[in-house]
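Here's the structure, in C-alpha cells; my notes come after.
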There are 4 protein chains.
Amino acid sequence: MLNRVILIGRPTRDPILKYTPSGVAVTTFTLAVDRPFKSESGEREADFIPVVTWRQLAETCANYLRKGRLTAVEGRIQVRNYENSEGKRVYVTEIIADNVRFLESSKSNSNGHQKDDPFQDDGTPIDIDENLPF
Amino acid sequence: MLNRVILIGRPTRDPILKYTPSGVAVTTFTLAVDRPFKSESGEREADFIPVVTWRQLAETCANYLRKGRLTAVEGRIQVRNYENSEGKRVYVTEIIADNVRFLESSKSNSNGHQKDDPFQDDGTPIDIDENLPF
Amino acid sequence: MLNRVILIGRPTRDPILKYTPSGVAVTTFTLAVDRPFKSESGEREADFIPVVTWRQLAETCANYLRKGRLTAVEGRIQVRNYENSEGKRVYVTEIIADNVRFLESSKSNSNGHQKDDPFQDDGTPIDIDENLPF
Amino acid sequence: MLNRVILIGRPTRDPILKYTPSGVAVTTFTLAVDRPFKSESGEREADFIPVVTWRQLAETCANYLRKGRLTAVEGRIQVRNYENSEGKRVYVTEIIADNVRFLESSKSNSNGHQKDDPFQDDGTPIDIDENLPF
DNA sequence: TTTT
DNA sequence: TTTT
C-alpha cells in the first residue's frame, strides 16, 4: 500500500541499457551501500542491491551513471519469483527506481550542477514489461 | 551509505519470536504490500517482503503484530548470501526494521491509542547475530 | 536535490477543495502526527503539519480524506516566503504531497479495499500556481 | 505516528555548535535543496530547510559539515510555535536530524571513505531541551 | 507458501 | 486553531 526506498551508494559497474521486445528501455545495475557499522571482525560491510530503471530514466542512467560514482536512488521494492531450469522457485528482490541522482557526475559543471540533467521523476504507471525475468 | 525503507502492508501470518544462541530476541514476518497498479490481466498484485526485528522491537512485534492487520515498517534493506546444501550461493533480501507501527491494533483502547505501546525506535547498532541464516 | 517526506497521522479537519484562477484543483489540510515520545510533563505531543495536494490528487482527497482518519502522506517539503501586510517576510513550510493513502477510509468495502480509489501517484511537474499564498 | 524526512542538499553556511544551559550540544544549519524543476521564469529554485542536530551528532556536524558541501540528512519534521515580542504566535518548522552523511567531505581519503567518521545514528529519545526557542 |  |  506504501512502498518507498531511498539509497545512497556506488554502482558496482557501468550500467547496460537494454530494450524489451516491445521496445521499452531498461537499465539494471547493482548499488553497493555501505552499512553504518562494522562487522564482528571490524571490517566495513556493504549491501549489494539490484536496481532497475525504465524508459526515460533508463536512458538517463545509461548516459550518466558510472561505476563507483556516488549515486542516490529512490523507488520501491519489488519481489518477483519464477521457476528456474531445475523447477525450483527462485525469488528476486529489486528496487524499481523512479528517481536517480548522480551525486558525483563527471559531467558536472563548475557550479556543481549537472548539465543536461532532465527532470528525472518518472511517475507514470509501471509497464508490464518490467516483470520479465531479465 | 544511506539505506532507508518505509512500507505499509499486512503481515501474511502471526509472527514467531525466536532467540539466538546468545539469547537475543528476533522476530520474522512477511509483509504483503499491495502494488499501486493492476497487473496486465487486471488483478491486484502485492510484493511479499520479509521483515526481521531484533531485541525489544522483536518482543513488541510478537505481542502486537497480527496476521492481516495494517502495519507500517521502517528500516533498511539487507542482502545476505550463504551457501546452501547443494553448494550454491543463495541471496536473501530482508528489511531489518527499527520502527514498526501497528495501524490496526486489536489492542487499541477506545480513544485509539495503543496500550502498553513502548517507544519503538531501536537505534542501537545491530547485533552480529542478525547475520545468522535463520 | 532529493527531498522526500513520509508521514502517518490524522487530519485535524475535513479538507476543502479550491481552484486556482487558472482552474487547477488544490486541497489543503493539516496532519496531526503524534511524536514517538512524551513531553517533559508526560503528555503526548503532536506536530501539526500543513499538506497541499494538486490536480487529480486534490480531488481524490476532497472525496476520501476525513477529519481524524488515519492517513499516510508522501511528498516533498516546500518552504515559501512572502511579504505580509506589515511588510514583514513570512516563511511558510508545507508538504507538497504526491501520494496519499486513506488507511481508515469509511468508504472501504467489506474486504477492506477502498472503492473507486484511483492510482494516486501524481508525478507530473508541479504547477506554478502552487506558489500562490492561499 | 510516523514522520520521516530524507534530504540531499548543501548547507548555506558553516554550522555553529552551541550548548543548552544543561550542557547538551546542538547544531543548527540551513540546507539548500534544489527543486527538480524550474520556475515559471526558467530559473532553478531551491527550498531552504532548517536542520537541528543534537548531542553526538551535533558535535560531528560541527566537525565535518561545511558550507556548500553536498550533504544527506535524515530525520523528522518538527513544528514548534511560540509567542513573539509583539504577542503574535510564530510557527517554526525544522528537521530534527538523527543521521547526517557528508557526501563531499574534504576529509575523505583516497578510497572515498570518510576518516574518523563515527557511527552517526542517534536513536536515543530526544531531549526536552530541543524545544527551546533558539 | 502468502495479506485485505 | 488543531487529530486519536
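Each chain gets a letter, A, B and so on, in the order the sequences are listed, and its residues count up from 1.
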Using a 4.0 Å heavy-atom cut-off across all strands, classify [X] as base, sugar-phosphate, or nothing.
X: B/G9; answer: nothing
X: C/F29; answer: nothing
X: C/R13; answer: nothing

Rounded to whole Å, how long is the line connecting atom [atom1] of [X] with atom [atom2] of [N]?
X: B/R66; N: E/dT2; atom1: CZ; atom2: P; value: 22 Å
X: C/R35; N: F/dT2; atom1: CZ; atom2: C1'; value: 14 Å
X: B/L65; N: E/dT2; atom1: CG; atom2: P; value: 19 Å
X: C/R101; N: E/dT4; atom1: CZ; atom2: C1'; value: 14 Å
X: D/I77; N: F/dT3; atom1: CD1; atom2: P; value: 20 Å
X: A/M1; N: E/dT4; atom1: CE; atom2: P; value: 13 Å
X: D/E83; N: F/dT1; atom1: CD; atom2: P; value: 8 Å
X: D/R80; N: F/dT1; atom1: CZ; atom2: C1'; value: 19 Å

**Asked** If only atom types and distance count, is the side chain of B/D14 paired as donor or acceptor with the main-chain N or O of B/K67 below 3.5 Å?
**Response** yes
**Asked** Do side-chain atoms of A/R4 reach the backbone of C/I6 as a donor and acceptor pair under 3.5 angstrom?
**Response** no
**Request:** List for me each residue that meets side-chain hydrogen bond (donor to acceptor under 3.5 Å, both in side chains) alongside A/N3, sequence neighbours excluded, and say none if there are none.
**Result:** none
**Asked** Does C/D98 come within less than 4.0 Å of C/R55, counting only side-chain N to carboxylate O?
**Response** no
**Complete:** Of the listed E/dT1, E/dT3, F/dT3, the closest approach to the A/Y91 side chain comes from E/dT1
**Complete:** Considering only heavy side-chain atoms of B/T30, the closest of E/dT2, F/dT2, E/dT4 is E/dT2
**Prompt:** Taking only side-chain nitrogens and oxygens of A/R89, does any of them come within less than 4.0 Å of OP1 or OP2 of E/dT1?
**Reply:** yes
**Request:** Please indicate yes or no: is the ring centre of C/F48 less than 5.5 Å from the centre of the six-membered base ring of F/dT2, with the two planes inclined by under 30 degrees?
**Result:** yes
**Fill in**
Which of D/V52, D/I49, D/V73 passes side chain to side chain contact (heavy atoms under 4.5 Å, CB included) with D/F29? Answer is D/V73
